[in-house]
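One structure is given here, and the rest of the page talks about it.
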Amino acid sequence: MTVTLADVAARAQVSPATVSRVLNGNYPVAAATRERVLKAVDELEYVLNGPASALAAATSDLVGILVNDIADPFFGIMASAIQSEIGGPGGRAGGERLAVVCNTGGSPERELTYLTLLQRQRAAAVVLTGGALEDAPHRAAVSAKLRKLAEAGTRVVLCGRPPAPGTGAIALTFDNRGGGRELTEHLIGLGHRRLGYIAGPQERTTTRHRLEGHRAALAAHGVEEDPRWTVYGRYDRRSGYEATLELLRRDPALTAVVAANDSVALGACAALRESGLRIPDDVSVAGFDDLPFSIDVVPALTTVRLPLAEAGARAGRIARGREDAPPGGIATVRGELMVRGSSGQPRE
């Protein structure tokens, strides 16, 4: 026999309207009353009609988290932190939200499809993580989707992504330029003048911003940039390995390799060792992000620590309505230079 709202009300000794208020989280209810209702829900195993409830309300209990690659720790750490902040009092069915991680695989079409599906589901919130695509038509299409979501009452948060003006989205953007500049200035300060750079995919904002920081450091210190010293690739270990071999082929006299992220740096280290070069005695290596494995490699990786978990948790709280948006809807999240054993003075 199907359990109804009236059954829950009778068990909790409250009115059906009070049960509805507790499950919808849209009206203040005394704590003792709320606990009595939720206990009745659990005892009777009452299941709320989610689609019907979403139609009656402005939004549903669904929260979408868009990531490029959930297998990449950069995105996994943020997604986990976001999800940890999403549950709790205030929603239906005991106050929990259903977090759905949408893995785009870097596909612009899939990103737009997920945003459309989340709009149809009247998602309570949508969090987009990581850099954006450097493509004007796609950027316009995404902005239009975000604007429609926000207008329908969905909270939209960008975590580690550039702001999207005019969309109503809150942006927690990473200072990739500042981090890239500080990292390269550290190597220049050690005496390096021949620095190879392994960039990420050319179509990503993160790639451009980190490379701009690197180039700004070179220019500020009067270090000439040779076009041969920059190679583009994916954000993975294999790309770092292949790109480092290409850099060594182009200029065997390089004394440092700056990688787009820590995974790329791991591949660079492997290629250098296979080429008979020591780290950092012959070639220094630096990464970006400070992913968990960075401190455990030998030698430990010099990198820029981005507070991925902290930023993700903050994005989750904002998406959940537990924390106010930053002034102007934009906050810059800065990284911290982590100097470790993979960087040293260049060989004589």
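All values below were derived from every heavy atom in this structure, side-chain atoms included, with hydrogens, water molecules and symmetry-related copies excluded.
A donor-acceptor pair shorter than 3.5 Å cannot be found between the side chains of Asp236 and Ser263. Neither side chain, Thr104 nor Ser107, offers a donor N or O lying under 3.5 Å from an acceptor on the other. For the residue pair Glu274 and Tyr241, a side-chain donor N or O sits within less than 3.5 Å of a side-chain acceptor on the partner. Between the side chains of Thr302 and His186, no donor-acceptor pair is found at a separation under 3.5 Å. Donor-acceptor pairing under 3.5 Å is lacking for the side chains of His192 and Gln345. If you check the side chains of Tyr197 and Thr184, you find no donor sitting under 3.5 Å from an acceptor. Between Thr303 and Asp290, the side chains place no donor N or O within less than 3.5 Å of an acceptor N or O (distance only, hydrogens not considered).
Salt-bridge check for Arg320 with Glu85: failed, with every basic side-chain N at 4.0 Å or more from each acidic carboxylate O. No salt bridge links Glu182 with Arg177; every basic N to acidic carboxylate O contact stays at or beyond 4.0 Å. Between Arg317 and Asp324 there is no salt bridge, since no side-chain N of the basic residue sits under 4.0 Å from a carboxylate O of the acidic one. Remark: Glu246 engages Arg250 in a salt bridge, criterion side-chain N to carboxylate O under 4.0 Å. A salt bridge is absent between Asp135 and Arg204: the closest approach of a Lys/Arg side-chain nitrogen to an acidic carboxylate oxygen does not fall below 4.0 angstrom.
In the hydrophobic clustering of this structure, Ile330 does not group with Val127; members are Ile, Leu, Val, Met, Phe, Trp, Tyr whose side-chain heavy atoms approach within less than 4.5 Å, directly or through other members. A continuous path of Ile, Leu, Val, Met, Phe, Trp and Tyr side chains, each step under 4.5 Å between heavy atoms, connects Val67 with Ile77, placing both in one hydrophobic cluster. Residue Val339 is grouped with residue Val297 when hydrophobic side chains (ILVMFWY) are merged at heavy-atom distances under 4.5 angstrom, including chains of intermediate members. Clustering ILVMFWY residues whenever any of their side-chain heavy atoms sit less than 4.5 angstrom apart, transitively, puts Tyr235 in a cluster other than the one holding Leu66. The same ILVMFWY cluster, assembled from side-chain heavy atoms under 4.5 Å apart, contains both Val41 and Leu44.
Between Ala164 and Leu158 the shortest heavy-atom distance is N-CD1, 3.8 Å. Pairing each heavy atom of Ala300 with each of Ile295, the nearest pair is CB-O, 3.6 Å.
In this structure, CG on Leu172 lies 5.5 Å from SG on Cys159, to the nearest 0.5 angstrom.
Within a 6.0 Å radius of CG in Leu117, other residues, nucleotides and ligands contribute more than 12 heavy atoms. Annotation for Arg238: atom CZ does not count as buried by contact number, only 12 or fewer foreign heavy atoms lying within 6.0 Å. Atom CD of Glu212 sits in a crowded spot, with more than 12 heavy atoms from other residues, nucleotides or ligands closer than 6.0 Å.
Checking side-chain atoms of Thr154 against main-chain N and O of Ala123 turns up a donor-acceptor pair under 3.5 Å. Side chain of Ser275 to main chain of Leu277: no donor-acceptor pair is present (N/O by atom type, distance under 3.5 Å, no hydrogens or angles). Within the 3.5 Å criterion, the main-chain N or O of Phe288 finds no donor-acceptor partner in the side chain of Asn261. Here the side chain of Thr18 pairs no donor or acceptor atom with the backbone of Val14 at under 3.5 angstrom. Using modelled atom types, one side-chain atom of Asp7 and one backbone atom of Thr4 make a donor-acceptor pair closer than 3.5 Å. Using a distance-only test at 3.5 Å, with no hydrogens or angles considered, no donor-acceptor pair links the side chain of Arg237 to the main chain of Gly267. The backbone N or O of Ala12 sits less than 3.5 Å from a side-chain atom of Arg36, completing a donor-acceptor pair. Judged purely by atom type and a 3.5 angstrom limit, Ser284 uses its side chain to pair as donor or acceptor with the backbone of Gly344. Without hydrogens or angle criteria, Asn103 side chain to Ile70 main chain gives a donor-acceptor distance under 3.5 Å.
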Full working for salt bridge (charged side-chain N to carboxylate O under 4.0 Å, His left out) between Arg305 and Glu310
CA-CA 12 Å; Arg305 180 186 183 274; Glu310 294 88 340; 3.0 Å; yes

Can you list the steps and then say if Glu111 with Arg161 is a salt bridge (charged side-chain N to carboxylate O under 4.0 Å, His left out)?
CA-CA 14 Å; Glu111 182 175 60; Arg161 194 178 180 109; 3.0 Å; yes

